[in-house]
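Okay, structure first, notes after.
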Amino acid sequence: MAEQGFTPPTSEWYRPSADMVAQANVPDYETVYDSARQDLAAFWAERAETLDWYRKWDQVLDDSNKPFYKWFVGGKTNMALNALDRHVNTWRRNKLAIIWEGEDGEQISLSYWRLWQEVNKFANVLRSMGVAKGDRVTIYMGRVPEIAIAMLACAKIGAPHSVVYGGFSEQALASRIEDAQSKVLITCDGAWLRGKIVRLKDTVDEAVQRSPVVETVIVVKRTGHDIAMESGRDYWYHDLMALPIASTQAETEIMDAEDPLFILYTSGTTGKPKGVLHTHGGYQVYTSTTLEWAFDIKEEDRWWCAADPGWITGHSYIVYAPLILGATSIIYEGAPTYPYPDRWWKIVADYGVSILYTAPTAIRGLMRFGEAWPRRHDLSSLRLLGSVGEPINPEAWRWYHRVIGGERCPIIDTWWQTETGGFMITPLPSVGLKPGSATRPFPGIDVDIVDDDGVPVAANEDGNLVIKSPWPSMIRTVYGDDERFISQYWEKYRDQGWYLAGDTARRDEDGYLWVIGRNDDVLKVSGYRLGTAEVESGLVSHSAVAESAVIGIPDELRGNKIFAYCILVEGVDSSDALEAELKAHVRHEVGPIAVPAQIEFVDNLPKTRSGKIMRRVLKAQALGQPLGDLSTLED
Ligand code: WTA
């Protein structure tokens with residue numbers, strides 16, 4: 001069941017200019033792709049050589065215990081070694097690592113030297129509070145420079161971080177704290193969004209009540225409004241950073257290549273979020289290679305990934321990969337339309353952004369305001385544009401290309417997932433483009449589209465997207481749940497040993513790949529990933545709701561919007577007031593991104609005889625489509 005149903009214009013081509021190809025970091029995709037295919041281990045070893053290691057690996061890939069692959073076995077390194085330590089010994093110490101702009105216009109820039117010092121200071125703070133190698137630290141913050149500092153400090157001391165997106169509410173935060181068993185939580189008093197304060201610390205207080213495992217809360221002051229500080233538990237970041245213990249020198253923990261770098265919770269097919277585990281070694285090799293090649297990063301670039309650090313896109317491509325490459329990474333705190341719909345274009349012009357990477361939903365959102373807003377600004381610094389998170393519809397692609405990119409910037413449409421760590425299907429700037437296609441697999445990645453039996457489907461037919469061989473930044477496991485890791489990703493094609501992505505895709509007659517959308521109970525709403533089960537459990541946690549089912553309905557702006565069906569408990573009557581109350585309840589429990597666009601009250605739900613809700617039937621009904629095979633329907 002694909003989420004989107006456009007017919008791709010498979011013959012519309014955009015060829016790269018000769019200049020673009022000549023200057024590209026990888027001018028010839030085919031040759032590099034073939035060389036990687038011939039000797040995968042040698043290919044990745046060569047890439048790993050570009051990074052620093054305390055000790056070189058003994059073996060590039062250990063596949064003796066599939067699907068628990070290990071990369072760079074025996075290697076010793078640390079993300080912070082490559083993202084920071086190695087740069088401060090070179091001229092790059094004086095280069096800007098992070099340029100930050102607050103929604104209120106405040107600006108902060110951090111050179112590599114300064115960022116390294118701040119990270120060292122905070123690493124010392126964390127150590128002094130008893131955080132040791134292997135301890136999980138939860139980070140729940142707005143888009144402020146300190147979120148990068150906190151992540152890097154955790155990496156430096158070998159404490160895996162678990163960043164929870166600041167748009168999630170108490171229950172989502174509480175269950176992630178609980179699963180990771182974090183004793184330390186780093187947050188902000190609040191965050192600025194559309195001129196208003198998002199009261200993050202209030203949410204933390206409630207979440208910690210639900211998950212009392214947290215012993216220490218560190219609070220960055222951003223908005224300055226009054227918040228409760230619990231003595232003995234809550235500390236101001238700036239107070240801690242002013243202590244003598246917060247010296248600018250800190251040892252970097254020597255980590256095994258396979259030691260965990262972070263856990264990032266993502267939505268799956270059950271209500272319980274999955275903690276996707278990534279490690280220090282393979283992840284740094286893969287994310288830096290993909291950024292360097294797909295976005296052609298050069299020393300003088302100003303790279304702006306406009307995602308949130310709380311999602312994988314932000315982890316890999318705001319924080320880690322750009323810093324490994326010694327690039328300048330831009331972070332903007334607030335909403336794209338605040339105070340006016342040209343805020344982003346103003347940022348591009350003000351900082352001379354050369355590469356902008358964002359999501360189709362943002363492009364569609366800004367497109368609505370018309371061309372006059374971008375036309376007011378000088379966007380000539382841009383040389384490449386990127387897209388991620390959901391399929392980009394050709395109309396948005398063309399607008400982005402013409403109006404923002406001035407018809408000279410290739411659009412790098414990257415397909416990947418939290419689980420893959422980095423781009424999997426993406427053009428390089430030297431590859432010809434078709435609007436709406438993520439084009440070709442990245443070198444070293446073996447992608448296919450197959451039917452339920454594993455037989456490759458014919459050109460232009462829909463099938464399941466699979467990845468046939470391992471890659472360095474692949475998910476290592478679901479934190480604390482190896483069984484779920486296997487059943488989710490490896491069970492379906494166990495005999496073949498392929499990774500199941502959960503997406504429907506097709507390949508056209510030119511070998512170009514078109515990702516259509518999710519084919520499981522995961523929704524993409526405005527590029528955010530949500531499980532239907534998460535929204536459903538949010539709904540049933542309200543005392544009026546006995547049972548609920550949630551589906552995604554195609555939406556022009558958001559990609560999908562959420563439709564919910566609820567059975568009420570005996571004696572409760574449906575009403576508009578109740579619908580509003582349930583929406584507010586979901587916002588409070590799960591977060592604003594999970595609020596259904598519409599709630600329908602029903603007497604029963606279509607179920608299989610074994611009691612599973614048939615969302616497919618609900619969706620077909622909502623869209624007025626044929627209901628399909630109903631033989632397994634109970635009633
Ligand atoms: C979808 C985001 C089409 C896809 C990096 C995938 C895309 C899910 C694209 C992962 C793209 C991501 N074209 N679909 N370029 N990029 N997706 O884990 O359905 O938040 O499975 O990672 O987003 O979402 P996640």
Side-chain angles (χ1 to χ4, degrees), residues 1-6 8 163 165 167-168 263-269 273-278 286-287 290-291 294-295 305-318 321 357-363 385-394 396-397 400 411-427 433-442 447 449 462 464-467 473-475 478 488-489 499-506 512-531 534 552 554 558-560 593:
M1 186 167 55
E3 291 300 335
Q4 300 214 337
F6 61 88
V163 180
Y165 171 58
F168 277 123
I263 303 164
L264 183 55
Y265 288 90
T266 189
S267 298
T269 47
K274 285 184 291 200
V276 172
L277 187 90
H278 285 291
Y286 194 80
T287 53
T290 46
L291 185 64
F295 282 100
C305 168
D308 193 282
W311 300 97
I312 191 68
T313 309
H315 279 56
S316 298
Y317 298 112
I318 295 176
Y357 181 42
T358 184
T361 189
I363 298 162
L385 298 172
S387 177
V388 61
E390 56 180 321
I392 179 164
N393 50 311
W397 195 103
Y400 196 29
I411 292 179
I412 309 298
D413 177 2
T414 60
W415 175 87
W416 57 296
Q417 307 177 301
T418 306
E419 293 86 343
T420 70
F423 315 147
M424 301 298 279
I425 304 175
T426 177
L433 307 173
K434 300 186 187 195
S437 167
T439 76
R440 316 289 299 275
F442 193 79
V447 169
I449 300 166
D462 284 3
N464 298 323
L465 183 58
V466 294
I467 300 159
S473 65
M474 63 201 302
I475 172 177
V478 171
Q488 187 79 48
Y489 306 104
Y499 169 86
L500 176 74
D503 277 309
T504 296
R506 49 181 98 127
Y512 272 49
L513 297 158
W514 301 77
V515 178
I516 311 294
R518 299 289 310 188
N519 54 24
D520 53 10
D521 295 328
V522 172
L523 298 177
K524 277 285 180 158
V525 179
S526 299
Y528 295 121
R529 179 166 163 178
L530 265 180
E534 280 171 286
R558 287 167 287 186
N560 288 284
I593 57 173

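One is the number of the first residue; the rest follow in order along the sequence. Computation of the quantities below employed the complete heavy-atom set of this structure, encompassing side-chain atoms and omitting hydrogens, waters and symmetry-equivalent molecules. Note that ligands are numbered from 1 as they come in the structure, with each ligand's atoms numbered from 1 the same way.
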Check: [X]/[Y] side-chain N/O donor and acceptor closer than 3.5 Å:
X: Tyr286; Y: Ser316; answer: no
X: Asn519; Y: Asn464; answer: yes
X: Arg529; Y: Thr266; answer: yes
X: Tyr528; Y: Glu390; answer: no
X: Trp397; Y: Asp413; answer: no
X: Thr504; Y: Asp462; answer: no
X: Thr414; Y: Tyr357; answer: yes

Can you pull out the closest protein heavy atom to [atom]? Residue, atom name and distance to 0.1 Å, please.
atom: atom 6 (C) of ligand 1; answer: Asp503 OD2, 3.1 Å
atom: atom 8 (C) of ligand 1; answer: Lys524 CE, 3.3 Å
atom: atom 1 (C) of ligand 1; answer: Gly389 O, 3.3 Å

* To do: May I ask you to identify, for Thr418, whether its side chain, its backbone, both or neither come under 4.0 Å of ligand 1 on a heavy-atom basis?
  =>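 Under 4.0 Å from ligand 1, Thr418 contributes backbone and side-chain atoms.
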* If you measure from each non-hydrogen atom of Ile312 to ligand 1, which part falls under 4.0 Å: side chain, backbone, both or neither? ->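 For Ile312, only side-chain atoms sit under 4.0 Å from ligand 1.
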Can an N or O of [X] be found at a distance shorter than 3.5 Å from an N or O of ligand 1?
X: Glu419; value: no
X: Gln417; value: yes
X: Ser387; value: no
X: Asp413; value: yes

* Check Thr420, Val447, Thr426 against Phe442 for a side-chain contact (heavy atoms from CB on, under 4.5 Å) and give me the one that passes. =>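 For Phe442, the side-chain contact (heavy atoms from CB on, under 4.5 Å) test succeeds with only one of Thr420, Val447, Thr426, which is Thr426.
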* **Ligand-side contact atoms (ligand 1) for residue partner Val515, heavy atom cut-off under 4.0 Å** =>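 What qualifies from ligand 1 is 3 (C), 14 (N).
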* To do: May I ask you to list the atoms of ligand 1 that are less than 4.0 angstrom from any heavy atom of Thr313?
  =>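 What qualifies from ligand 1 is 5 (C).
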* **Trp415, Phe423, Tyr528, Trp416: member with heavy atom nearest to atom 5 (C) of ligand 1** =>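 Checking each option, the heavy atom nearest atom 5 (C) of ligand 1 is found in Trp416.
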* Asked: Under 4.0 angstrom from ligand 1, any heavy atom of Pro391?
  ->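 Under 4.0 Å: yes for Pro391.
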* State yes or no: are the ring centers of Trp415 and Phe423 separated by less than 6.0 Å? =>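 Ring centres of Phe423 and Trp415 not closer than 6.0 Å.
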